Amino acid sequence: MIDIRLVRDDRGAVTAALGRRGVAAVEVERVAELDADHRARLARRETLRAEVKALSRQVGDARRSGDEDRARELSDASRRLGEEERAAGAAADAVARELTTALLHLPNLPADDAPDGAGPDDNVILRTWWPGKDGGVPEPAPERHQRVPHWEIGEELGILDLARGARMAGSMFPLYRGMGARLLRALTSFALERHADGYEEIRPPTLVLTETMTSTGHLPKFSDEAYHVERDDLWAIPTAEVPLTSMHRGEILAEADLPVRLTAVTQCFRREAGAAGRDTRGLLRVHEFEKVELFAYTTPEQAPSAHADIVARAEGILQALGLHYRVLDLCTGDLGTSSARTFDLEVYAPGCDRWLEVSSVSWFRDYQARRAQVRYRPSGGGGPRLVHTVNGSALAWARIWAALVETGRQPDGSVALPDCLAPWLGGDTVLVAR
RNA sequence: GGAGGGAUGGCAGAGCGGACGAAUGCGCGGCUCUUGAAAAGCCGUGGGACUCCGGUUCCCGUGGGUUCGAAUCCCACUCCCUCCGCCA
């Protein structure tokens, strides 16, 4: 969530910043009003509380000096004040809850340099890359044999079995088989080993507490998007960002330990509630997929370079895989709630002729850190400060799988995979029909 | 799942109804001594909210309760440890 003090001190700036992403001014106004009300009630409560405490001390003194009458008198007075205090406290708490709820629903302030815009159409394409670009090769025009969608290739080669996946779990739960399954394992190993030089490998839980989902901003606003295990009140994570943000929840880190850089592979679960029927063929949009995530807790000063490093690593993987991709600077209208600045990486899949989002690299400033209460103690002295969090996928495999298979399809129907994966594919990078 | 024990500051660990946000030790920071370092000694050292910047208030796993007053008593829950059972 955003800093309530910003609303208090410069409401105009907050209203303007949130207005860039379509938040109505009344929402900010409401938060400001609740905050003022809350502070007034808190002051009242604390004054009463201070009086009760002072009287209680006098009760003890009177009793020690044997003056029972005075003690009784004082304790009666204290009891009456105590009742008042409880009422004032309950009122303050009620307002506090309203305030927290309102604040939890406010999105993050966009970064100053995030482009303005109303929606996906206003995102800015920063650059496009394809194999051989630097050597003067023109932007690829897909060959005829590449114009086959991955769901058909998957069936031809026996490496993707969507019908049987649906039998087990319903539609949009893919089942990979044979070399198709092995390809996923290869991608994960390849990526994790590439990131091992700077990022600690983590294997977190994939079912988490409500608090953990709230820390990243996935709750309370987007509960429809997540799978919920009711009996145990646990949530299936939509991304490793969720557990990783809570890894240091409630902690005060030493500045010398920052940045803390983590990488994790997890299953990711998304209900895709609002997207019924849109781009749902094959692996374009699935309820369960595997993703390698890069994550960092940083000081505010380190955040920009940590953000850039994750973008560079995600791009590095795409380049190693020889995929045609582009980098988008998300406009204010398309930014995720918790993010101040996001770069999306989209890969071109020639078979279905679509740009597929395979990574979203975001800088959250202290928005998530405030929710999760992750702070650090500055080396130069002074009180604890909130860390910044930064994360991005490198990468989401389902769509990479689709793009690889479509891009690598040969005239004879076989699929050539990039050499960098050979060590995990048993040395064989060509997939042929069984 | 059953039976016991526990949860206190960065860490260890006292406190078990009245000035306790909390002894002591370690750690950390500063100073003295020293050519420098170590050792020794002295001083300081949790977090949050509000503030008329004087202070006020909250936090001893979490949430309730008892009381004039709760770290301390009661109830529930969570987590950790030991033992038993079950189990990939």
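A, B, ... follow the sequence lines: proteins, then strands. Residue 1 opens every chain. Computed from a predicted model, the values in this text were never measured in an experiment.
Among the atoms of the strands shown, none is found under 4.0 Å from any heavy atom of Asp76(A). Within the nucleic acid shown, Leu55(A) has no heavy atom closer than 4.0 Å to any nucleic acid atom. Residue contacts shown for Arg5(A) are limited to sugar-phosphate atoms, with no base heavy atom under 4.0 Å away. Using a 4.0 Å heavy-atom distance criterion, Arg72(A) is classed as making no nucleic acid contact. Looking at heavy-atom distances under 4.0 Å, Arg377(A) makes contact with sugar-phosphate atoms alone, never a base. As judged by a 4.0 angstrom heavy-atom cut-off over every strand, Ala50(A) is placed among residues touching the sugar-phosphate backbone only. Residue Arg8(A) is classed as a sugar-phosphate contact, given heavy-atom separations below 4.0 Å to backbone atoms only.
Ring centroids of Phe343(A) and His307(A) are separated by less than 6.0 Å, placing the two rings close together. Separation of the Tyr297(A) and His248(A) ring centroids falls under the 6.0 Å cut-off. In summary, the aromatic rings of Phe269(A) and Trp235(A) are positioned with their centroids too far apart to meet the 6.0 Å limit.
Residues Arg285(A) and Glu357(A) are not paired through a salt bridge, judged by the lack of any N-O separation under 4.0 Å between the basic side chain and the carboxylate. Salt bridge Arg270(A)/Glu272(A): absent, no basic N to carboxylate O contact under 4.0 Å.
When both pairing distances are held under 3.5 Å, U56(B) makes a Watson-Crick or G-U pair with A49(B). With a cut-off of 3.5 Å on both pairing distances, the Watson-Crick or G-U wobble partner of A40(B) is U32(B). U67(B) is unpaired under the Watson-Crick or G-U wobble criterion, no partner having all donor-acceptor distances under 3.5 Å. Remark: A12(B) base-pairs with U24(B). Criterion, Watson-Crick or G-U wobble with two distances under 3.5 Å. Partner assigned to G1(B) is C84(B), using Watson-Crick or G-U wobble distances below 3.5 angstrom. Base pairing of U78(B): its partner is A7(B), meeting the Watson-Crick or G-U wobble criterion (both donor-acceptor distances under 3.5 Å).
Contacts of Arg261(A) classified as salt bridge (Lys or Arg N to Asp or Glu O under 4.0 Å), with partners at least two apart in sequence or in another chain: Asp309(A).
When each of Gly82(A) and Gln373(A) is assigned the nucleotide of RNA chain B bearing its nearest heavy atom, the one mapping closer to the 5' terminus is Gln373(A). Toward the 5′ end of RNA chain B lies the nearest nucleotide of Ile4(A), the other residue of the pair Ile4(A) and Val52(A) mapping further downstream.
Here, G69(B) and G18(B) have their C1' atoms 7 Å apart, quoted to the whole Å. Across the P atoms, G30(B) and A14(B) are found 31 Å apart, a figure rounded to whole Å. Distance noted for atom P between G21(B) and C75(B): 26 Å (whole Å). Taking the P atom of each, G13(B) and G64(B) are spaced 30 Å apart, rounded to whole Å. For the P atoms, the distance linking C77(B) with U67(B) amounts to 23 Å, nearest Å. Separation of the P atoms belonging to C60(B) and G9(B) is 10 Å when rounded to the nearest angstrom. G48(B) sits 27 Å from C43(B) when the P atoms are compared, rounded to a whole Å. Across G4(B) and A88(B), the matching P atoms stand 28 Å from one another, rounded to whole Å.
For the pairing with Arg249(A), the side chain to side chain contact (heavy atoms under 4.5 Å, CB included) check across Gln368(A), Glu211(A), Gln373(A) returns one residue only, Glu211(A).
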Donor-acceptor contacts under 3.5 Å from residues 98-106 of chain A side chains, at least two apart:
unit_1: Glu98(A); atom_1: OE1; unit_2: Arg30(A); atom_2: NH2; d: 3.3
unit_1: Thr100(A); atom_1: OG1; unit_2: Ala96(A); atom_2: O; d: 2.8
unit_1: Thr101(A); atom_1: OG1; unit_2: Arg97(A); atom_2: O; d: 2.9
unit_1: His105(A); atom_1: ND1; unit_2: Thr101(A); atom_2: O; d: 2.8

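Nucleotides of RNA chain B with any atom under 4.0 Å from a heavy atom of chain A span, from 5' to 3', G18(B) to A70(B).
G54(B) takes the syn form, because its glycosidic angle lies no more than 90° either side of 0.
Nearest heavy-atom pair across Val7(A) and Ala32(A) is CG1-CB, 3.9 Å.
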